Amino acid sequence: MNLEVDFAGIKLKNPVTVASGTFGYGREYSDFYDLGKIGAIITKGTSLKPKNGNRPTRICETASGMLNSIGLQNPGVEYFAKYDLPFLRKFDTKIIVNACGSSIDEYVELCKILNTLDIDGVELNLSCPNVKEGCMAFGNTYEGVKKVTGEVRKVLDKPLIVKLTPNVTDIAGIAKGAEDAGADAISAINTLLAMKIDIETKRPVLANNTGGLSGPAIKPVAVRMVYQIANAVKIPVMGLGGITNGEDAVEFMLAGAKAVSIGCGNFIDPYTAPKTVKGIENYLNRHHIEDVNDIIGKVQMN
Ligand SMILES: Cc1cc2nc3c(=O)[nH]c(=O)nc-3n(C[C@H](O)[C@H](O)[C@H](O)COP(=O)(O)O)c2cc1C
């Protein structure tokens, strides 16, 4: 059986990756299993300079999901290159760096550095709802996405994946902005802007007041958006949002995703990603399908 997919020029041994911000730089999960079992690791959002992120409370649980307002805490690209990348490179898997900036210049400077590193691709985070400037500011219009993608494209030779926010009305139109500017792939979705209130204190639970909703609660929204994007662009789509098993992954692939990513699912069970690989295999066996590529986009609409 073939599980390999060519995702924007990155040869993934299987279509299962782990989502930015839910897997750190791999260390914690490497205690549980060989990280070479998964197709790729997408790192925590990494910026040009270190970032402390937002003050706590930064996460809380909700029905079938969670809210976070981490605010892109990370050690910066220099530290990543020196300490995290050599560790990640010990595993037989692809490494994709999630890149974050608060201005176009910052994205460009960061991607110039990423272009020189031994990594397999860059995922441009144009979608974080938890920082006051940047990311979202570019991510919610066709023009904004096209502009920042185009500037980064000029300095980045590696595969470029643009990660989109679901907090927009026309996700397919915005995905076109990335494609038109030369992106190699789209990933969708990031978290949905949300809020939880403590009724005793009458205050929002998160110090930032609002945060991003993720987990199984958002899966149907994500599947719908992946379907719409996959039908609007020619470049491949990485599908994510609430995936916790092989069946969820297959659903995204039928909707048009060429690869999938596990986010909060890693928190529920650290083995979710390798179990999802097995789950996809079981589905293919059950349906006598030899090649995982044969299920991509095969949903039959009513
Ligand atoms: C704690 C946490 C931190 C995150 N950090 C990032 C990040 O740094 N960059 C990014 O693009 N997405 C980030 N995300 C969004 C996830 O990568 C993913 O898009 C989202 O959680 C939906 O997938 P899920 O429902 O499987 O978790 C974060 C999500 C969580 C829960």
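Atoms within a ligand are numbered from 1 in the order they appear, just like the ligands themselves. The residues of the chain are indexed from 1 along the displayed sequence. No hydrogens, no waters, no symmetry mates; every other heavy atom, side chains included, goes into these values. Being a predicted model, the structure only gives us computed values, none of them experimental.
- Residue pairs meeting the ring pair (Phe, Tyr, Trp, His ring centres under 6.0 Å) criterion with at least one member in residues 187-231: none, sequence neighbours excluded.
- Only the backbone of Ile189 comes within 4.0 Å of ligand 1, judged by heavy-atom distances.
- Taking the six-membered ring for Trp and the full ring otherwise, Tyr83 and Tyr25 have centroids separated by 6.0 Å or more.
- Using a non-hydrogen distance threshold of 4.0 Å, Gly265 does not register as a contact of ligand 1.
- By the 30° and 60° cut-offs, the orientation of the rings of Tyr271 relative to Tyr33 is tilted.
- Under a 4.0 Å criterion applied to the non-hydrogen atoms of Gly45, ligand 1 contributes the atoms 7 (C), 8 (O).
- For ligand 1, the atoms lying closer than 4.0 Å to a non-hydrogen atom of Lys44 are 5 (N), 6 (C), 7 (C), 8 (O).
- Less than 4.0 angstrom separates some heavy atom of Gly263 from each of these atoms of ligand 1: 24 (P), 26 (O), 27 (O).
- To the nearest 0.5 Å, atoms CG (Leu156) and SG (Cys111) are separated by 5.5 Å.
- Within the listing of ligand 1, atoms 20 (C), 21 (O) sit less than 4.0 angstrom from a heavy atom of Thr191.
- Looking at Asn190 against ligand 1, both its backbone and its side chain come within 4.0 Å, counting heavy atoms.
- By the criterion of a heavy-atom distance under 4.0 Å, neither the backbone nor the side chain of Ile59 is placed next to ligand 1.
- To the nearest 0.5 Å, atoms CD1 (Ile186) and CG (Leu160) are separated by 9.0 Å.
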